Amino acid sequence: IGVLPWMICGNNAIGEATAEKMKDYRIVIWPQHGIYGAGKTYDETFGLIETVEKGAQLWLKYCHLPILNLIARIFLTDILYFPGMLKPRF
């Protein structure tokens, strides 16, 4: 399972980073976005994604650890400046 750092969706950067990770992994997680998977068939791909999702649910349920991967304020500002979004008023 490959994990990307948090990135803004809707541009080429996340696609290029995903393609790079897919050279070594069949599953790539996009923090605060979702998951990308590849298999030989739809059923295999769906099964991979479902397995990772179920494992993550169990880990979160039983480990009782705090969520550490929050979106930093600087990235939230980047979202506001992303083309088509409103400019911040501060």
Side-chain angles (χ1 to χ4, degrees):
I1 299 171
V3 180
L4 293 178
W6 185 87
M7 303 171 84
I8 295 176
C9 278
N11 60 31
N12 286 342
I14 197 167
E16 292 168 0
T18 300
E20 190 63 33
K21 284 283 187 188
M22 291 300 290
K23 291 177 183 178
D24 298 316
Y25 304 99
R26 294 171 62 197
I27 296 284
V28 176
I29 295 175
W30 300 328
Q32 281 81 33
H33 293 303
I35 189 169
Y36 183 87
K40 293 179 182 176
T41 65
Y42 174 79
D43 287 336
E44 181 182 2
T45 304
F46 187 77
L48 287 168
I49 292 170
E50 284 291 302
T51 300
V52 170
E53 182 179 22
K54 185 64 173 181
Q57 288 174 346
L58 291 171
W59 185 82
L60 288 172
K61 182 176 181 178
Y62 294 108
C63 287
H64 305 289
L65 298 173
I67 296 174
L68 300 175
N69 192 9
L70 300 175
I71 300 173
R73 183 176 179 83
I74 187 72
F75 294 133
L76 293 175
T77 303
D78 287 347
I79 293 170
L80 293 173
Y81 283 101
F82 191 71
M85 300 300 257
L86 297 174
K87 302 282 186 198
R89 296 180 189 218
F90 52 90

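For this chain, numbers begin at 1 and follow the sequence in order. Owing to the predicted nature of the structure, the values given are computational and were not obtained by experimental measurement.
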Discussion item. Checking T51 now: which residues fulfil side-chain hydrogen bond (donor to acceptor under 3.5 Å, both in side chains) with it, not counting sequence neighbours?
Written reply: none
Discussion item. How about CG on N12, more than 12 heavy atoms from neighbouring residues, nucleotides or ligands closer than 6.0 Å, or not?
Written reply: no
Would you list the atom pairs, donor with acceptor, under 3.5 Å between side chains in residues 52-63 and any protein atom, with sequence neighbours excluded?
none

Fill in: K23: salt bridge (charged side-chain N to carboxylate O under 4.0 Å, His left out) partners, not counting sequence neighbours
E20
Discussion item. Hydrophobic clustering (ILVMFWY, side-chain heavy atoms < 4.5 Å, transitive) - are M22 and I14 grouped together?
Written reply: yes
Worksheet entry | Candidates I1, V28, I27 - the one meeting side-chain contact (heavy atoms from CB on, under 4.5 Å) with K21 | V28
Worksheet item: With sequence neighbours left out, which residue pairs that include part of residues 36-48 fulfil the side chain to side chain donor-acceptor pair (under 3.5 Å) condition?
Response: R26-E44
Fill in: Nearest-0.5 Å distance that lies between atom CG in L4 and atom NE2 in H33
9.5 Å
Fill in: Verify same cluster id: I35, V3 (apolar side-chain graph, 4.5 Å)
yes
Response to the item:
Sequence neighbours excluded, the answer for side-chain contact (heavy atoms from CB on, under 4.5 Å) partners of A13 is M7, N11
Worksheet item: Looking only at heavy atoms, what is the nearest atom pair of P31 and P5, with distance?
Response: CD-O, 4.2 Å
Worksheet item: Are I29 and Y25 connected in the hydrophobic side-chain network, where two residues link if heavy atoms are under 4.5 Å apart?
Response: no
